[in-house]
Chemist: 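Below is a structure I'd like to ask you about.
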Amino acid sequence: MRIATWNVNSVTARLPRLLAWLENSGTDVLCIQETKCAAEQFPADELRELGYESAVNANGRWNGVALVSRVGLDDVVKGLPGDPGYDGAEEPRAISATCGGARVWSVYVPNGREPDHAHYAYKLLWFEALKAAIAGDAQGSRPFAVLGDYNVAPADEDVWDISLFEGATHVTPAERAALAALRETGLSDIVPRPLKYDVPFTYWDYRQLGFPKNRGMRIDLVYGNAAFQKAVTDAYVDREERKGKGASDHAPVVVDLDI
DNA sequence: ATGTCGTTCAATGAACGA
């Protein structure tokens, strides 16, 4: 089974590339983040024509996640139990389902904006709720993984120049501690191969020639339990998808599994 | 080859988030 995660930065703007990528990549299950559309605007019909079922948790302009599968899509759960919400409202940042024998989540962790911003406190609370929600499945014998845009670089090496991140989110000890807490439930970081350069960056800012200069970050992560990790045969970042006109600012992370 | 992109609201750009 080939499973992938991709922050598409608007599923409607990305639709031609999304359909082409699914056709060409041989992906069985895709975890999508930042659909940036209302649920009814999600291109389920176009995906169905390619043989994929869809499950969507989205509500408009911001955020939005989805699961797309051609190997089954059962027991869909939208949202995160205990989601702290932001500014009085719960946001569509999580969806989970059973696909081809694996239980998978597609998550879009809050950005945090600045360490002294309310959004940062929200981000940490959101991580706590995620940990509580997945701890049971992490210990289970069924292959289980949480895939998505975590908006945290696990180590200093996971950003192009750590000296430029002083005082910034995505690299703070508290955010990294939140990742460590997730791993302590029984999940492992499935680190993909970079297809070019040394570090498997997954995101490059649109601005200031981020991609051509490889000013990237590894913030799209695959956290799998022991059964999932044991089944992994390969993992890589499809940086080709970041190239050219009409690309998302994130590249897909692809994982091959012997299940 | 790549010196932002995408959505929304109200509008022929600005505001906002990332």
Side-chain angles (χ1 to χ4, degrees), chain A residues 5-21 31-43 46 56-66 83-94 106-127 147-153 158-161 164-172 175 178 194-197 201-221 237-253:
Chain A
T5 181
W6 187 14
N7 179 324
V8 295
N9 187 22
S10 171
V11 74
T12 45
R14 213 63 56 214
L15 185 58
R17 290 186 71 134
L18 171 64
L19 297 175
W21 189 79
C31 304
I32 295 175
Q33 299 86 39
E34 283 208 83
T35 59
K36 287 186 166 179
C37 67
E40 57 270 24
Q41 293 174 309
F42 188 85
E46 292 88 338
V56 184
N57 183 15
N59 68 0
R61 178 179 192 181
W62 305 117
N63 314 307
V65 290
D83 191 309
Y86 183 67
D87 210 12
E90 186 175 330
E91 300 175 320
R93 295 182 175 275
S106 175
V107 299
Y108 178 48
V109 177
N111 175 286
R113 300 184 188 168
E114 306 292 338
D116 60 355
H117 197 287
H119 210 260
Y120 179 85
Y122 165 51
K123 182 179 194 173
L124 297 179
L125 287 174
W126 202 91
F127 267 122
L147 305 92
D149 180 353
Y150 281 66
N151 270 317
V152 180
D158 292 315
V159 299
W160 79 93
D161 183 351
L164 300 176
F165 282 77
E166 188 149 348
T169 59
H170 294 60
V171 299
T172 65
E175 289 167 286
L195 297 186
K196 189 177 179 183
Y197 305 118
F201 294 146
T202 65
Y203 162 83
W204 300 261
D205 199 300
Y206 285 128
R207 294 164 290 190
Q208 299 173 312
L209 286 173
F211 185 62
K213 294 182 177 176
N214 200 36
R215 293 178 174 173
M217 304 171 70
R218 186 170 81 90
I219 56 176
D220 298 273
L221 308 176
V237 181
D238 188 358
R239 71 186 302 283
E240 295 299 310
E241 186 51 44
R242 181 62 180 79
K243 294 182 177 179
K245 195 171 176 64
S248 170
D249 44 0
H250 296 250
V253 178

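Note that these values count all heavy atoms, side chains included, but never hydrogens, waters or copies made by symmetry. Just so it is clear: chains get the letters A, B, ... in the order the sequence lines come, proteins before strands, and each one is counted from 1.
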Chemist: Determine the interplanar angle of the A/W204 and A/F211 rings, folded into 0 to 90°, and report it as parallel if under 30°, tilted if 30 to 60°, perpendicular if over 60°.
Modeler: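 Aromatic pair A/W204/A/F211 classed perpendicular.
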
Chemist: Report the relative orientation of the aromatic rings in A/H250 and A/Y203; use parallel for angles under 30°, tilted for 30 to 60°, perpendicular for over 60°.
Modeler: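 Ring orientation of A/H250 relative to A/Y203: tilted.
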
Chemist: Please state how far atom CG in A/D249 lies from atom C1' in B/dC5, giving the value in whole angstrom units.
Modeler: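 Distance check: A/D249 CG to B/dC5 C1' gives 7 Å.
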
Chemist: Take atom NZ of A/K243 and atom C1' of B/dT2, then tell me their distance rounded to the nearest Å.
Modeler: 11 Å

Chemist: For B/dA11 versus B/dC16, give the span between their P atoms, rounded off to a whole number of Å.
Modeler: 15 Å

Chemist: From the set B/dT7, B/dC16, B/dA18, return the single nucleotide nearest to any side-chain atom of A/H119.
Modeler: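 Within the option list, the nearest is B/dA18.
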
Chemist: B/dG17 C1' sits how many Å from A/N7 CG, rounded?
Modeler: 12 Å

Chemist: Please check this pair: side chain of A/S106 against backbone of A/I32, looking for a donor-acceptor N/O pair closer than 3.5 Å.
Modeler: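 Side chain of A/S106 to backbone of A/I32: a pair is present.
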
Chemist: Determine whether more than 12 heavy atoms belonging to other residues, nucleotides or ligands lie under 6.0 Å from atom CD of A/E90.
Modeler: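 Counting neighbours around CD of A/E90, more than 12 heavy atoms of other residues, nucleotides or ligands fall under 6.0 Å, so yes.
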
Chemist: What interatomic distance, in whole Å, is found between P of B/dG3 and the corresponding atom of B/dT8?
Modeler: 24 Å

Chemist: What nucleotide among B/dC5, B/dC16, B/dA18 has an atom nearest to a side-chain atom of A/Y206?
Modeler: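 Looking only at side-chain atoms, A/Y206 lies closest to B/dC5.
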
Chemist: Kindly point out which of B/dG17, B/dT2, B/dA15 is positioned nearest to the side chain of A/R61?
Modeler: B/dA15

Chemist: In whole angstrom, what separates A/W204's CH2 from B/dG3's C1'?
Modeler: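 For the pair A/W204 CH2 and B/dG3 C1', the rounded distance is 18 Å.
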
Chemist: Given B/dT7, B/dG6, B/dG3, which nucleotide is nearest the side-chain atoms of A/L209?
Modeler: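 From the listed options, B/dG3 comes nearest.
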
Chemist: Roughly how many Å is it from CD in A/E241 to P in B/dT2, rounded to a whole number?
Modeler: 19 Å

Chemist: Can you check the A/D205 CG to B/dT2 P distance for me, whole Å?
Modeler: 18 Å

Chemist: What's A/Y203 touching, base or sugar-phosphate or nothing? Going by heavy atoms closer than 4.0 Å.
Modeler: nothing

Chemist: For B/dG6 and A/R14 - does any side-chain N or O of the residue sit under 4.0 Å from the phosphate oxygens OP1/OP2?
Modeler: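 Answer yes for this pair, as a side-chain N or O of A/R14 is under 4.0 Å from OP1 or OP2.
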
Chemist: Using the closest heavy atom to pick a nucleotide of DNA chain B for each, name whichever of A/R113 or A/G60 lands nearer the 5' end.
Modeler: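 The residue mapped nearer the 5' terminus is A/G60.
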
Chemist: For the side chain of A/T12, starting at C-beta, report the closest nucleotide among B/dG6, B/dA18, B/dT7.
Modeler: B/dT7

Chemist: Round to a whole Å and report the spacing from CG of A/N59 to P of B/dT7.
Modeler: 15 Å

Chemist: Give a yes or no answer on whether the side chain of A/R17 reaches the backbone of A/K245 with a donor-acceptor pair at less than 3.5 Å.
Modeler: yes

Chemist: Applying the side chain to side chain donor-acceptor pair (under 3.5 Å) test to A/N151, which of A/K123, A/H170, A/Q33 qualifies?
Modeler: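 Between A/N151 and the candidates, side chain to side chain donor-acceptor pair (under 3.5 Å) is satisfied uniquely by A/H170.
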
Chemist: Please measure how far the C1' atom in B/dT4 lies from the corresponding atom in B/dA10, and state the result in whole Å.
Modeler: 23 Å

Chemist: What's the closest nucleotide to the side chain of A/K36 if the choices are B/dA1, B/dA18, B/dG6?
Modeler: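 Of the options given, the side chain of A/K36 lies nearest B/dG6.
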
Chemist: Round to a whole Å and report the spacing from CG of A/D87 to P of B/dG17.
Modeler: 10 Å

Chemist: Establish, with yes or no, whether the OP1 or OP2 oxygen of B/dC5 is under 4.0 angstrom from a side-chain nitrogen or oxygen of A/S248.
Modeler: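 No, because none of the side-chain N or O atoms of A/S248 sits under 4.0 Å from OP1 or OP2 of B/dC5.
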
Chemist: Report the residue (A/N63 or A/S10) whose heavy-atom-nearest nucleotide on DNA chain B is the more 5′ of the two.
Modeler: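 Its nearest nucleotide being more 5', the pick is A/S10.
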
